[in-house]
Q: 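My structure is below; once you've seen it, I'll send some questions.
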Protein chains: 2
Amino acid sequence: MTSAYQELSRTFQRLSRFGHLGAIAGVDMQTTMPPGGSQARGEAMAELSVFMHEVLTDKRLGGLFDAAQQESLNDVEQVNLSEMQRAWQQATLLPASLVEAKSLAGSRCEHAWRQQRPANDWQGFSANLKEVVKLSREEAQLRADALGVSRYDALLDVFEPGMTSAQLDQTFGDLKSWLPDLLQKAVAKQQQTPIAQPVGPFAIESQKQLGLSVMKTLGFDFNHGRLDVSAHPFCGGVPEDVRITTRYNENDFLSAMMGVIHETGHARYEQNLPKQWRGQPVAQARSTAIHESQSLFMEMQLGRSEAFLQHIHPQVVALMGDQPALALNNFIRQAQRVKPGFIRVDADELSYPAHVILRYEIERALIEGEIEVEDIPALWDEKMQQSLGIDTRGNYRDGCMQDIHWTDGAFGYFPTYTLGAMYAAQLFQAVKRAIPQVETLIQQGELQPVFDWLQQNIWQHGSRFPTQQLLINATGEALNPRYFRQHLEQRYLSE
Amino acid sequence: MTSAYQELSRTFQRLSRFGHLGAIAGVDMQTTMPPGGSQARGEAMAELSVFMHEVLTDKRLGGLFDAAQQESLNDVEQVNLSEMQRAWQQATLLPASLVEAKSLAGSRCEHAWRQQRPANDWQGFSANLKEVVKLSREEAQLRADALGVSRYDALLDVFEPGMTSAQLDQTFGDLKSWLPDLLQKAVAKQQQTPIAQPVGPFAIESQKQLGLSVMKTLGFDFNHGRLDVSAHPFCGGVPEDVRITTRYNENDFLSAMMGVIHETGHARYEQNLPKQWRGQPVAQARSTAIHESQSLFMEMQLGRSEAFLQHIHPQVVALMGDQPALALNNFIRQAQRVKPGFIRVDADELSYPAHVILRYEIERALIEGEIEVEDIPALWDEKMQQSLGIDTRGNYRDGCMQDIHWTDGAFGYFPTYTLGAMYAAQLFQAVKRAIPQVETLIQQGELQPVFDWLQQNIWQHGSRFPTQQLLINATGEALNPRYFRQHLEQRYLSE
């Protein structure tokens, strides 16, 4: 006889398989599809979403959850059951009409934004955004009522289960107390050393070879994944077939290469999620922030470290050609350059948290109803002035209209970027304690011990443990921003 | 209130959208997917098939068909209703257990065949094939009982609705009365003129440029499709996003180019299926044979004609480089070369029907129970000797083990290749009557009138008319092999 647990597992396996098709169609859409295919593809993807939502919100599942709780399950099955139930609750919380209205409002806002942003048209954009905010507040309220937390905390929980704005206030408050000063000092320090700009063009084919070579160094499994090109770099696909992308600029190979390193971090996590539970929620990545911690571990902790840059420097010169600006010291300076600017996605690791904290503070107030859409530009200007000394008045395009997240109604996502950066620093510190000679190993390109540590402590666990528990198991303590600070001070201020 | 017809339309639209995702995942599998992704992809595709079969065989549909027949429907809706009902009947005819058993036996047979064919292992192969034949006979019997026709005719009906073995016997009998003689004369005639072999290597990138250029000449819509690479050329995707592929051999650009022309024929049909009924069965291609008629129209009627070869010759020389073997006359001789051989997929248009008729005669006797799997090799040898004068004794690999069709249980498919070739010849003859100066136009690359004719007479109709009616509307008569004979005599025997 099939147990309730088995029936639930079968349902989530089905969902995973349908999700596989959606993921591949999604990758194709970003990398391969001709423009004229977009409408039909959009309709097919929407049909799949509706169907998967139906399967996930099937009323019968409620009874199965009750029955499965009476069954004798091992540790992993119990966690899997609670992850399944969490997914089911998150889905059933929202009436289908709200899901649809939000999806439509998001599509409309995003579609118009693609024209409005280049036109700097805040008036037009804010009219659409108001509708998205209104529906996101409704969603937040329903989630808040169910969880017994505040509206914003309820949205945060979607991306980083268990995280609260109280903890964010404390953590980000700590960052704000030392980061602006550190940033200023780092900029001043870097201004003392001239930096030469590498001169292109750097052939796309050579840049691709460099990307593939770095992926190999970082242990990417090419039997279960590949590198393609898209307008915005991403990591997609499924654990058995992970697709990462980058974009090439003939005058700047470093940006494509760092994009590849970042996405390889996401990819290795996906490729090494526990194989024995594939298709089940417990085998999925723990959270958005833990996922980001893996990409930032590869990019910021490893990829931009002196030791790693030293190791790949010969490959870089071999493929990009020799020139004075590609001398080792200048190459490292390039990769560690600090330069506050308008745009989050172009930000260095010292300015990045300022972009995130600003968005966190604004989106939280917005969802909690403390401010309205009209208030955003003034707040944005004020906070950019405070944190990065940048004037964005009237420049909506490079200010509050630069991101796609709010446009799509993904409130609660932004904090995961900086949480990921802090997790990554804390993890790398633990690696250093576990492997004291790690810098020498990295310099020699012997990265296997680092990957083994990640496999042992993060990848193989999937969603087995709550985030903070995962972090405690791996590093001996819960999130502590101190390691991030140490890392930044060491990299940007030490002589 | 939603009518029964509307509800049925909605169901088939859903199926079409799920089919879209399956089609794209299928294309990705052949063109892009890394090897390690195949198991998970196979499982996801199987999950989709099972689900789509469930939707299509939903018992509720029976009542909806009854109700819809009472509703007031226009002409197109009536045809669409009957096409929907046909799809439903074809699916419900077979018990799920037989569908599954056949799919498993086919997979097993095909999987082993990939090793057995190179090893020339007929013993091993025939053991698996017997199971496939047994299940195909069961399928044929169920279909035969429902349709009131013979077992083989019931399978034929899946690929070419309305076609019967009685008509095939007559048509193929006609071909057999004149084709061997024509083939012999053509070979003798060609032996009088020496032919020079172009010498490679021809750069893959240049071959790709040539393919894209020819696709452009043939009106391929790059906003709704693209060219990729795969082990075996195919046309896949969906009408809004048609993916064609070819494969490149550095020493033979003609094969890749002709593959592109062939698949472009399939693609233009798909891209021009009626847009106003998209997602409904009436908007689908009429049949396998009509689909093949469009690819062979492009490849054989147009692509290998002197006029077309003259038109593209300058592009070919520009991209492949000049050499004596690429002089116009020799280039034409290359493209029209007749050379009987073992392998169907490599056959010229004069030998091709012999390959098909042989397979038709064997598979029909096999399905009707007149012969058994053990009898195949001897029959194969005998028929190859008769028709092409080729000895295949003991050479199973290049004989009865060369195709994937039986392996997969696709009995009834083979005849559509030669039906397609005959339809194509008949259609082109009608084009010549409608546009007397067509050869001059082709030579000048002015192909729009030809495409307009195809659009008017074939593409825009989808499945609106039964095949023979479509042909009568387009050409004034039902299938008549005489046009195929005229075409072959003209191309291969005239001075």
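In the text below, chain A, chain B and the rest are named by the order of the sequence lines, each starting its count at 1.
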Q: Drop me the distance from B:Arg14's CZ to A:Leu48's CG, to the nearest 0.5 angstrom.
A: 10.0 Å
Q: Working to the nearest 0.5 Å, report the span between CD of A:Gln39 and CG of B:Asp241.
A: 13.0 Å
Q: Give a yes or no on this: more than 12 heavy atoms of other residues, nucleotides or ligands lie within 6.0 Å of atom CD of A:Gln448.
A: yes
Q: Once rounded to the nearest 0.5 Å, what's the spacing between atom CG of B:Leu15 and atom CD of A:Glu47?
A: 9.0 Å
Q: Hey, could you give me the NE2/OG distance between B:His224 and A:Ser38, rounded to the nearest 0.5 Å?
A: 8.0 Å
Q: Checking A:Arg286 now: which residues fulfil side-chain hydrogen bond (donor to acceptor under 3.5 Å, both in side chains) with it, not counting sequence neighbours?
A: A:Glu83
Q: Roughly how far, to the nearest 0.5 Å, is CZ of B:Phe18 from CZ of A:Phe51?
A: 5.5 Å
Q: For A:Pro34, does its backbone N or O pair with a side-chain atom of B:Arg226 as donor and acceptor, under 3.5 Å?
A: no
Q: Look at B:Glu240, B:Glu43, B:Arg41 and state which one has the largest set of heavy-atom pairs under 4.5 Å with chain A.
A: B:Arg41
Q: Around B:Glu100, counting heavy atoms of other residues, nucleotides and ligands shown, do more than 12 lie under 6.0 Å from its CD?
A: no
Q: Using a cut-off of under 4.5 Å on heavy-atom pairs, state which of B:Gly279, B:Ala40, B:Gly37, B:Gly237 scores highest against chain A.
A: B:Ala40
Q: Count the heavy-atom pairs under 4.5 Å between each of B:Asp228, B:Val242, B:Val27, B:Thr32 and chain A, then report the option with the highest count.
A: B:Thr32
Q: Minimum heavy-atom separation for B:Ala25 to A:Leu21, with atom names?
A: CB-CD2, 3.7 Å
Q: Might you work through the side chain to side chain contact (heavy atoms under 4.5 Å, CB included) test for B:Asp28 and A:Arg243, ending with a clear yes or no?
A: CA-CA 12 Å; B:Asp28 178 271; A:Arg243 307 293 177 89; 2.8 Å; yes
Q: Could you grab the distance from atom CE of A:Met33 to atom CD1 of B:Ile24, nearest 0.5 Å is fine?
A: 9.0 Å
Q: How about NZ on B:Lys275, more than 12 heavy atoms from neighbouring residues, nucleotides or ligands closer than 6.0 Å, or not?
A: yes
